[in-house]
Number of protein chains: 2
Amino acid sequence: MNRKATALDVAKLAGVSRSAVSLVLNGRGDGNVAKESQVRIREAAATLNYTPNAIAVSLRNRRSRIIGIVSDQVVTSPFDGNIIAGADAVARSQGFVTVVMDTESDESRDESAVSTLLDRQVDGLMYVTVGLRPLHVPLNMLRVPSVLANCFDDRPEAGVPAVIPDEVRGGREAATHLLELGHRDIAFLAGDSITPAAPRRIQGHCDAFEAAGLPVRPGRIIQAGWDIDAGFHGAMKLLDGVAAADRPTAIVCANDRLAIGVVLAANRLGLAIPQDLSIMGYDDEFRIASTMVPALTTMALPLREMGAAAMTGLLGELSEEPENDDSVRADQTLVPCRLVVRESTGPVPAGRN
Amino acid sequence: MNRKATALDVAKLAGVSRSAVSLVLNGRGDGNVAKESQVRIREAAATLNYTPNAIAVSLRNRRSRIIGIVSDQVVTSPFDGNIIAGADAVARSQGFVTVVMDTESDESRDESAVSTLLDRQVDGLMYVTVGLRPLHVPLNMLRVPSVLANCFDDRPEAGVPAVIPDEVRGGREAATHLLELGHRDIAFLAGDSITPAAPRRIQGHCDAFEAAGLPVRPGRIIQAGWDIDAGFHGAMKLLDGVAAADRPTAIVCANDRLAIGVVLAANRLGLAIPQDLSIMGYDDEFRIASTMVPALTTMALPLREMGAAAMTGLLGELSEEPENDDSVRADQTLVPCRLVVRESTGPVPAGRN
DNA sequence: TTGAAAGCGGTACCAC
DNA sequence: GTGGTACCGCTTTCAA
């Protein structure tokens, strides 16, 4: 538990100066330090188990190689941890470390979280949210290069790039999957519209019908909620006591938990899945969608990819020439979702196409 | 985006020296700096929007006020983020910041994660796991005060304190809840025994029966798995085609997802919950247990509390006199679980008690 | 090729 | 009370 070795210790042991140690260990030894010295330095460093003090390096270089991540409740929620995981993997691969501050959805803590991070001299910032949503970036976030993941600032002047899932396309491809299976009467169980994810998925859903030249039956888009019970009750409304010919043959849900509720309802009503009813989820929630009975066909959110893309962009910005400060690029990168076909969807029942 | 103000800037503006600024802003002004100067310094700091550079402070004080957290897959999993959240809340309240490195369950990355953290000069370390499990603490972890959360090192000489849930008691109280409702034939659906959580919960289960002077029917403890499908198939084995008098009247599951599977099966078999069958979960998984249909009675894991307790202990150790280094306290703190009664459990069906 | 020395932004000791 | 100054550990320039 004795103090860690410093560059000076290494220098002494190798019989050289600290400068030499620094040069060699940073790969700029050739042409500056004699070959023999280099070897001795390397050996000394190894025997002393020397690694540089990152704090001191940060202070000296005025770059901490720390990326601050502010999240609204990613850490405590079972959902989007993968965004952070994806981001962190990229950061780590480039010698960065991330420190995340979770505001637990208390927006009044945004600014102070960013301040704390700024005081720690983070080189860049990333704001991550659990669900897709618009927000006003904390002003002090603009002090360092920043990026938004799974959220966006819709004020055009904000100028912070965002990486978000292509929800419209996701909704469209989900519907298309079912249309191709012959379904014509498809219901959509949405969550509330507090997050723009729901309306966008619905938009895509309708787009698919329009492209197919088919109408969306009125009353088939139901705003229920996001949880199991909402799915259950929504499904009961759609199915319970309704004549077979008047039931939708497929239900697409705005997330996998809704889909669980729908399956629960179908089981209770004695409907076989997918023979009598096809069910789709959304999210491909870890260990939920794939282990359901039946396993859920779902639209996977590209969480890891989003995190990775956001971090890659951010780090890229950091290494660029810092001349072009005010080239306000308010990009918005759309990452496509991934259709995962499992057992809960199948051909439309005979006579209903 | 201009450079941040430094203590020197403040000193100049206030017409004093850096030392004075440091003293005042650290609350040791009285008795050292004239009242007027104090005011001027505070004003100057405010107008310049000065906050100290944490990196510089760390270097000088040789304490970074950073706690490193190594997790096996907490971040990406939907489970134990709350351990980290609880830990982080405590850390933040004392001016610490946490940086978590997720090894994504690759144990070979343990050492390097710890090294990275150590290079960053963390003041302490915490190791968190998703499921309760024994482990060998990475050796270099012993270089700074450390704590384990939801895991433990069973080598007596390890000497790293651990905070874990009281699983035995949890299993006992779950069984007791059902026994009190009159159930006598209770099945236990366990996960695999890779994690000691399962055997401990089973242990508690059997303890409760023994305390009640009742036998556990043979074949009623089933090792299934941890996911929805395992619950489904386990339940089918227990219930499908079995005479009513020979069916268990209650099933307690080793987690909430197993319970979902059991409900799914019950629904399919036309069994009403809790009238025909009581079902218990374990974990009180966020937005799962409380929104199931019916809402699940479950045993809540004290995740936040564990994280908070672990961090509190760790920070306490940091502020203690560092004289008593080798007082190898291999404590193990057991945090009790919390019974949450909802709708999925009820009195035993008539004639089965 | 090498080493001395100047900071990076603070803190804290020590004369005055 | 006050300001000068050494130092935390490292990088980098510059003179020898």
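The chains referred to below are lettered A, B, ... by the order of the sequence lines, with proteins before strands, and numbering in each begins at 1.
Between the side chain of Thr312(B) and the backbone N or O of Ala308(B), at least one donor-acceptor pair lies under 3.5 Å. Judged purely by atom type and a 3.5 angstrom limit, Asn26(A) uses its side chain to pair as donor or acceptor with the backbone of Ser22(A). Here the side chain of Asn150(B) pairs a donor or acceptor atom with the backbone of Thr129(B) at under 3.5 angstrom. Side chain of Asp72(A) to main chain of Val130(A): a donor-acceptor pair is present (N/O by atom type, distance under 3.5 Å, no hydrogens or angles). At least one donor-acceptor pair under 3.5 Å links the side chain of Gln38(B) to the backbone N or O of Val33(B). Put simply, the side chain of Thr103(B) never gets that close to the backbone of Met101(B): no donor and acceptor are under 3.5 Å apart.
The separation between Asp119(B) atom CG and dG9(D) atom C1' is 13 Å, rounded to whole Å. Atom-to-atom, CG of Asn61(A) to C1' of dT12(D) comes out at 10 Å; the value is rounded to the nearest Å. To the nearest angstrom, P of dC8(C) lies 22 Å from CZ of Arg120(A). At whole-Å resolution of the value, NZ in Lys4(A) and C1' in dC10(D) are 12 Å apart. Between the CG atom of Asp9(A) and the C1' atom of dG9(D) there is a distance of 11 Å, rounded to whole Å. One can place CG of Leu23(B) at 14 Å from P of dG4(D), the figure rounded to the nearest angstrom. In this structure, Leu8(A) places its CG atom 14 Å from C1' of dT11(D), rounding to the nearest Å. As a whole-Å value, the separation of Arg63(A) CZ from dG9(C) C1' is 18 Å.
Salt bridge annotation for Arg304(A)-Glu104(B): present, with a cationic side-chain nitrogen under 4.0 angstrom from a carboxylate oxygen. A salt bridge does not link Asp9(B) to Lys4(B): none of the charged nitrogens lies less than 4.0 Å from a carboxylate oxygen. Contact check on Asp102(B) versus Arg109(B) returns no salt bridge, with no Lys/Arg side-chain nitrogen under 4.0 Å from an Asp/Glu carboxylate oxygen.
Comparing Ala56(A) and Ser17(B), the nucleotide of DNA chain D nearest to each residue sits closer to the 5' end for Ser17(B).
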Which atoms of nucleotides 5-7 of chain D (N or O only) lie under 3.5 Å from a protein N or O atom, and what are those distances?
{"from": "dC7(D)", "atom 1": "O2", "to": "Arg60(B)", "atom 2": "NH1", "distance (Å)": "2.6"}

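Within 4.0 Å (heavy atoms only), Val21(B) reaches no atom of the nucleic acid at all. As judged by a 4.0 angstrom heavy-atom cut-off over every strand, Ala20(A) is placed among residues making no nucleic acid contact.
Of the residues in residues 24-50 of chain B, those lying under 4.0 Å from DNA chain C by heavy-atom distance are Asn26(B), Arg28(B), Tyr50(B).
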